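Contents: one structure, followed by commentary.
A quick note: this is a predicted structure, and the numbers were derived from the prediction, not measured. Along the sequence shown, residues are numbered consecutively beginning with 1.
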Amino acid sequence: MEYPIRAATHEIESESWKVLITKTPSAWVVRQVSERDYGVDFYAEIANEERQITGEVFSGQLKGTTGLSQNADGTATWSGIKHSTINYWMGLPMPVFLFVTDLTTSEVWYSPVKQHVRRNYSAFKAQKTLGFSLTRVDLRTQNDQGSFLAHYFREKHFDHFHNYLRELLMRWQELWDFIQANQMRDVFLCVEDEIQLQFIQLYRSLEFLASAFEIGWSVQDLSRAFEGDRRTWKEDWCDLHEETLDRVLKQIEPIFISVFEAAVGFVYQDEGAYWAIKEPTLWRLTQQLRHTAKSLRDRLA
């Protein structure tokens, strides 16, 4: 008597889902897609620290295998993704991640798709398929979740990231001079409105870029700096004094250098092939700024 035989691929798919769920925070909502021929198997909603669902969504494709081979650097590789699938991923208006489960070890690996394509743009343009570098991940752990979310938010806000990046690279000298010129001034003076606005813009752009580059932001919270200034000086007519501005800019100075270095390396080297094609003027600028970044670092040391 004959009966249907379950395909091995279906078993691998089912087991892969089980493994993925065990490595995902229970507060996150993972929704499978019924039609998966186009490169997306699920959508996931990210919960914040209070377990609230706030509309942070990414799409993912899930692959399963047994005995995934690791590279010497601890990463792994998944090969053979077609251009048509990658083009579809790149066109989606949200971050996209490739997940691979190793059923032998019950481990999950992932790759931030759009970032990987930009970092391997020459290979993507030259080949019919592209391999993806994978990193082992357990999204329930603080470190792994933090790195994953850094990829997610940078990709979600890529337009803002791009704008802040361009502003920093084009105006670095003006911004650096602002940081230097507004330290060691008369602590009793009230900061002029124009200087305040420049300071706030500098603070917010650097905070955003530091988060995107996973650089620690050890700077006093902006709202608390203003609140502390009002408590200290008790002058309703003045929002910010030079003493507070000086203190915060001293905290910002070393982070500015780290962010600047990261921005130059990101455009020139990390995603160099992509930026050389998509925005060649900016890429050529970073070629000149490599020595500037090193000089700033040496100067601070």
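- By the 4.5 Å heavy-atom criterion applied to side chains, D138 and V108 are not counted as neighbours.
- Two residues are said to be in side-chain contact when any heavy atoms from C-beta on lie closer than 4.5 Å; W17 and F42 meet this criterion.
- Residues passing the salt bridge (charged side-chain N to carboxylate O under 4.0 Å, His left out) test with K156 are E56, sequence neighbours excluded.
- Contact check for F226 versus R230: side-chain heavy atoms found under the 4.5 Å cut-off.
- Aromatic pair F266/F161: ring centres closer than 6.0 Å.
- With H83 contributing its side chain and F124 its backbone, the two residues share a donor-acceptor pair below 3.5 Å.
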* Asked: Checking salt bridge (Lys or Arg N to Asp or Glu O under 4.0 Å) for the pair E227/R224: CA distance, chi angles, key distance, verdict?
  -> CA-CA 5 Å; E227 290 170 3; R224 291 184 178 179; 5.8 Å; no
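- In summary, the aromatic rings of W283 and Y274 are positioned with their centroids too far apart to meet the 6.0 Å limit.
- Between F97 and Y110, the two ring planes are tilted [angle within 30° to 60°].
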* Step-by-step side chain to side chain contact (heavy atoms under 4.5 Å, CB included) determination, T292 to V264 -> CA-CA 10 Å; T292 303; V264 171; over 6 Å; no
* Please report the C-alpha distance between I81 and W89 in whole Å, then the side-chain angles of each, then the deciding distance to 0.1 Å, and finally whether the side chain to side chain contact (heavy atoms under 4.5 Å, CB included) criterion is met. => CA-CA 11 Å; I81 303 295; W89 285 341; 3.7 Å; yes
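- Between Q287 and R290, some side-chain heavy-atom pair lies under the 4.5 Å cut-off.
- A salt bridge is absent between E214 and R154: the closest approach of a Lys/Arg side-chain nitrogen to an acidic carboxylate oxygen does not fall below 4.0 angstrom.
- Checked for salt-bridge contact, R31 and E45 meet the test: a charged N lies under 4.0 Å from a carboxylate O.
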